[in-house]
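Only this structure's heavy atoms are used, side chains among them; waters, hydrogens and symmetry mates stay out. Sequence positions, counted from 1, serve as the residue numbers for this chain.
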Amino acid sequence: MTNIPTQVKKAAAELIEAYGDSIDYIGIYKGKQVYLYRFPEDIETGFPFYYLYDGKSVDVVTGFEALDLGSILLKD
């Protein structure tokens, strides 16, 4: 199991507080580690939240851009 960097947890703090600590490591994209916040199954949500971490800072990707990113990263 991958340890989630503190910076990623800080970026997701609002979601963690509301829905619990559920972040998954997805892989590497353009040299950055990618993490996905996993909402509880019984919650209806809109767009996914991805966190791209370069070792120093975190970029949050959501909205239609997150759908595009997910189609690239989460191939079956």
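- Going from atom NZ of Lys9 over to atom CG of Asn3 covers 8.5 Å, rounded to the nearest 0.5 Å.
- In this structure, the separation between OH on Tyr19 and CD on Glu14 is 9.0 Å, given to the nearest 0.5 Å.
- Shown here for Ala66 and Pro48, the closest heavy-atom pair between the two residues is CB-O, 3.5 Å.
- With rounding to the nearest 0.5 angstrom, the OG1 atom of Thr62 is 10.5 Å from the CG atom of Leu69.
- In this structure, CG on Leu36 lies 13.0 Å from OH on Tyr25, to the nearest 0.5 angstrom.
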Practice problem: Output, in order, the C-alpha distance, side-chain angles, deciding distance and verdict of side-chain contact (heavy atoms from CB on, under 4.5 Å) for Leu67 and Phe47. | Solution: CA-CA 7 Å; Leu67 296 179; Phe47 294 108; 3.5 Å; yes

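- Rounding to the nearest 0.5 angstrom, the gap separating the OH atom in Tyr51 from the CD1 atom in Ile23 is 6.5 Å.
- Contact annotation: the side chain of Ile28 never approaches that of Val34 to less than 4.5 Å [non-hydrogen atoms, C-beta and beyond].
- By the 4.5 Å heavy-atom criterion applied to side chains, Ile72 and Tyr29 are counted as neighbours.
- Taking hydrophobic clusters as Ile, Leu, Val, Met, Phe, Trp and Tyr residues chained together by side-chain heavy-atom distances below 4.5 Å, Ile43 shares a cluster with Ile16.
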Practice problem: Decide yes or no on salt bridge (Lys or Arg N to Asp or Glu O under 4.0 Å) for Arg38 and Asp24, but give the supporting numbers first. | Solution: CA-CA 7 Å; Arg38 298 268 186 200; Asp24 293 333; 2.5 Å; yes

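- Looking only at atom types and distance, the side chain of Gln7 has a donor-acceptor partner in the side chain of Tyr53 under 3.5 Å away.
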Self-check item: Derivation and outcome, side-chain contact (heavy atoms from CB on, under 4.5 Å), residues Val58 and Leu52
Solution: CA-CA 5 Å; Val58 178; Leu52 282 63; over 6 Å; no

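- Two residues are said to be in side-chain contact when any heavy atoms from C-beta on lie closer than 4.5 Å; Ile4 and Tyr35 meet this criterion.
- Aromatic rings from Tyr37 and Phe39 are positioned such that their centres are separated by under 6.0 Å.
- Residue Glu65 holds its CD atom at 9.0 Å from CG of Asp59, rounded to the nearest 0.5 Å.
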